[in-house]
Amino acid sequence: MKEFLNFINGEYVRNASGKTFENRNPVDNGLIGKVWEAGQPEVDAAVAAAKAALKGDWGRMSVVERCKLLDALAIGINQRFDDFLQAEIADTGKPNHLASHVDIPRGAANFQIFIDTIKSVSTESFNMRTHDGKTALSYGVRTPRGVIAVVCPWNLPLLLMTWKVGPALACGNTVVVKPSEETPATATLLGEVMNAVGMPAGVYNVVHGFGPDSAGEFLTRHPDVNGITFTGETRTGTAIMKAAAEGIRPVSLELGGKNAAVVFDDCDFQVAVDTVTRSAFENCGQVCLGTERVYVQRPLFDKFVAALKARAEAMTPGLPFDPATRIGPLISKEHQAKVLGYYQKAVDEGATVVTGGGVPEMPEALKDGCWVQPTIWTGLSETASVVTEEIFGPCCHIAPFDTEDEVLAKVNANRYGLATAIFTQDIGRANRMAQGIEVGLAWINSWFLRDLRTPFGGSKQSGIGREGGVHSLEFYTELRNVMVKL
Ligand SMILES: NC(=O)c1ccc[n+]([C@@H]2O[C@H](COP(=O)([O-])OP(=O)(O)OC[C@H]3O[C@@H](n4cnc5c(N)ncnc54)[C@H](O)[C@@H]3O)[C@@H](O)[C@H]2O)c1
Ligand SMILES: O=S(=O)(O)c1ccc(CO)cc1
């Protein structure tokens, strides 16, 4: 049986308490291994190591030297591509085609992309005349914030963790990562790559465990943590923000969403259907940017519902490495129960179930896995639970609309504001909609098309702050102004 150890000060360590928890594979609920839960002593040790590393070789490195290490990390991940792939797939059950094209390559790229950013970023400077007739020069200096707590979810474990660790290290910080309890593997494996490339001990640390009264809470409450970056549920973000208030620590929060796609009747129909198929069902609907509300202009409504139904029904569930597999399982039994609870609620609230609504028929060996059917509903009011609440499963409600103003109001009548996808050939309308919808990310005739130099983040209850490109520097550095009297 595998063991997942904490990674502290460059070494793999168990814990003082002897406490472990199980890591299971959602494909068949089989046991992958046991995870050594970090208690307060291990979290203290990880934070102390991270703090000490700031004053050691790491803290003395030039940007160019740091960037060499980041480049080596990207190369190191790619050299061990198959190990990362197997580990991620075992934890999540996601299809190979997805993990090998998105999760692992992006895990490596997240180290490379911030090399260019940090090497080329400039700060402002001003010259001014002083009262005594002399001059003064002010200029900005970016310094690392210090020890960054990185608290991660389970849906894109390596991608979302490195999306934060990459810029944090590029800026000269040290990190303590708390991966999701559901997906401990790739964060743990990254410790081996850190050591292999010669990353100084204490720069990258990993503590395993849960949220409340466990590693997550111990870490985010720790007084020597100088900033917290979090991706996960809005409710957890609230708890983390409260923890950060103690000591006035900055937070970056990437939270939940209830994203809408808007399909106008002048769209390229095939592009709209293909893209919404991905945005609603990819990664079994477990993407924060995913679409759970679809609004289709009335003349296209019936045709669109029929087309998406056909696509949903073609999403064969199965083993990750079976080339026929189009959809994997949900992450856990607990999440399966939550999603199936919403499937039942939709029916209770009067939905027409266009397709799905339950658990697919699976072969005997996979019956214990966390499978659910891709599901489409129509006919619900805008206040129904499945139209307003984040489900995080492969499902969506499709509603007809007539006018631009009407659909804008419906899309915006939600507490979340993460992402939207708009399908139309009318460039004026596309831009009006993109500017009117209250979100951090608006896609036109596309979805999940990312240029990593651009700001990523949500508005309203979908988060605080932006990460990506130079925007990450706002969070991962302290901007100091220096004024020189000349
Ligand atoms: N906006 C984004 O970029 C983005 C990206 C991916 C996922 N998400 C959101 O993440 C959610 C799914 O992920 P999840 O279920 O892992 O989220 P979650 O909030 O349950 O857990 C995320 C992490 O927080 C930890 N945690 C839980 N309670 C804590 C506490 N009180 N203190 C400190 N740490 C705590 C967990 O152990 C885990 O590591 C969805 O809501 C999804 O929308 C958002
Ligand atoms: O900005 S990205 O790193 O591309 C990214 C992708 C997906 C998500 C949420 O699932 C967050 C960030």
Side-chain angles (χ1 to χ4, degrees), residues 21 35 37-38 43 92 102-103 105-107 109-110 113-114 149-167 177-184 187 206-222 225 228-244 251-259 279 282-283 285-290 292 330-332 334-335 338 389-393 416-419 439-441 447-469 471-472:
F21 59 93
V35 189
E37 183 177 353
V43 172
T92 60
V102 180
D103 299 66
R106 267 295 307 281
N110 283 342
I113 186 83
F114 289 101
V150 182
V151 183
C152 307
W154 43 256
N155 59 328
L156 299 156
L158 183 71
L159 187 159
L160 291 178
M161 185 261 289
T162 51
W163 176 237
K164 292 163 179 300
V165 172
V177 174
K178 212 300 276 169
S180 167
E181 53 275 32
E182 305 289 354
T183 51
V206 180
V207 290
H208 292 298
F210 303 85
D213 203 27
S214 183
E217 185 178 339
F218 302 149
L219 178 61
T220 51
R221 287 198 175 282
H222 202 291
V225 163
I228 304 167
T229 177
F230 169 73
T231 304
E233 283 189 23
T234 296
R235 206 180 24 195
T236 313
T238 309
I240 286 182
M241 215 170 156
K242 285 181 183 159
V251 285
S252 174
L253 301 176
E254 296 185 348
L255 308 176
K258 187 72 183 178
N259 311 303
S279 69
E282 195 161 278
N283 209 33
Q286 304 165 117
V287 183
C288 61
L289 307 166
E292 291 189 354
L330 292 171
I331 190 68
S332 63
E334 191 189 345
H335 192 52
K338 176 184 158 185
E389 295 169 24
E390 182 186 52
I391 301 169
F392 223 52
Y416 295 111
L418 186 54
V439 286
L441 299 140
W447 175 77
F448 210 150
L449 183 58
R450 296 275 297 123
D451 180 327
L452 302 180
R453 294 168 296 187
T454 60
F456 179 96
S459 59
K460 304 203 277 191
Q461 292 189 30
S462 289
I464 293 182
R466 295 290 180 270
E467 297 199 26
H471 310 281
S472 291

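Atoms within each ligand, like the ligands themselves, are counted from 1 in listed order. From a predicted model like this one, the values you see are computed outputs, not experimental measurements.
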Run the numbers for me: atoms of ligand 1, each under 4.0 Å from some heavy atom of [X], listed by number.
X	result
Thr231	2 (C), 3 (O), 4 (C), 5 (C), 6 (C), 7 (C), 8 (N), 22 (C), 44 (C)
Phe210	37 (O)
Pro179	39 (O)
Leu160	5 (C), 6 (C)
Val151	23 (C), 24 (O), 25 (C), 34 (N), 39 (O)

**Prompt:** Met241 and Ile464: side chain to side chain contact (heavy atoms under 4.5 Å, CB included), yes or no, with the steps?
**Reply:** CA-CA 10 Å; Met241 215 170 156; Ile464 293 182; 3.5 Å; yes

**Asked** Going by the angle between their ring planes, with limits at 30° and 60°, are Trp163 and Phe114 parallel, tilted or perpendicular?
**Response** tilted

What do we get for [X] next to ligand 1 when only non-hydrogen atoms under 4.0 Å count, side chain, backbone, both or neither?
X	result
Leu219	neither
Arg235	neither
Asn155	side chain

For [atom], tell me which residue out of [options] has the closest non-hydrogen atom.
atom	options	value
atom 14 (P) of ligand 1	Phe456, Trp154, Phe230	Trp154
atom 19 (O) of ligand 1	Thr236, Val287, Ile331, Thr234	Thr236
atom 42 (C) of ligand 1	Trp163, Phe392, Tyr416, Phe218	Phe392

Taking the non-hydrogen atoms of [X], is any one of them nearer than 4.0 angstrom to ligand 1?
X	value
Gly237	no
Ser180	yes
Gly458	no

Do any side-chain atoms of residues 211-219 form donor-acceptor pairs under 3.5 angstrom with protein atoms, and if so which ones, sequence neighbours left out?
from	atom 1	to	atom 2	distance (Å)
Ser214	OG	Glu37	OE2	2.7
Ser214	OG	Phe210	N	2.9
Glu217	OE1	Asp213	N	2.7
Glu217	OE2	Arg221	NE	3.2

Is there a polar contact, in the sense of an N or O pair closer than 3.5 Å, between [X] and ligand 1?
X	result
Leu255	yes
Cys152	yes
Glu390	yes

Atom pairs, nitrogen or oxygen, ligand 2 to protein, under 3.5 angstrom:
from	atom 1	to	atom 2	distance (Å)
ligand 2	1 (O)	Arg450	NE	2.9
ligand 2	1 (O)	Arg450	NH2	2.6
ligand 2	3 (O)	Arg106	NH2	2.5
ligand 2	4 (O)	Arg106	NH1	2.8
ligand 2	4 (O)	Arg106	NH2	3.4
ligand 2	4 (O)	Arg450	NE	2.9
ligand 2	10 (O)	Cys288	N	3.4

**Request:** Evaluate the 4.0 Å heavy atom contact test for atom 3 (O) of ligand 1: does a protein atom fall under the cut-off?
**Result:** yes

**Request:** Apply side chain to side chain contact (heavy atoms under 4.5 Å, CB included) to Lys338 and Leu330, showing your working.
**Result:** CA-CA 10 Å; Lys338 176 184 158 185; Leu330 292 171; over 6 Å; no

**Request:** Before accepting this row, confirm whether a basic side-chain N of the pair Glu292/Lys258 lies closer than 4.0 Å to the acidic partner's carboxylate O.
**Result:** yes

**Message:** Can you see whether Glu390 engages Thr234 through a side-chain donor-acceptor pair at a distance of less than 3.5 angstrom?
**Reply:** no

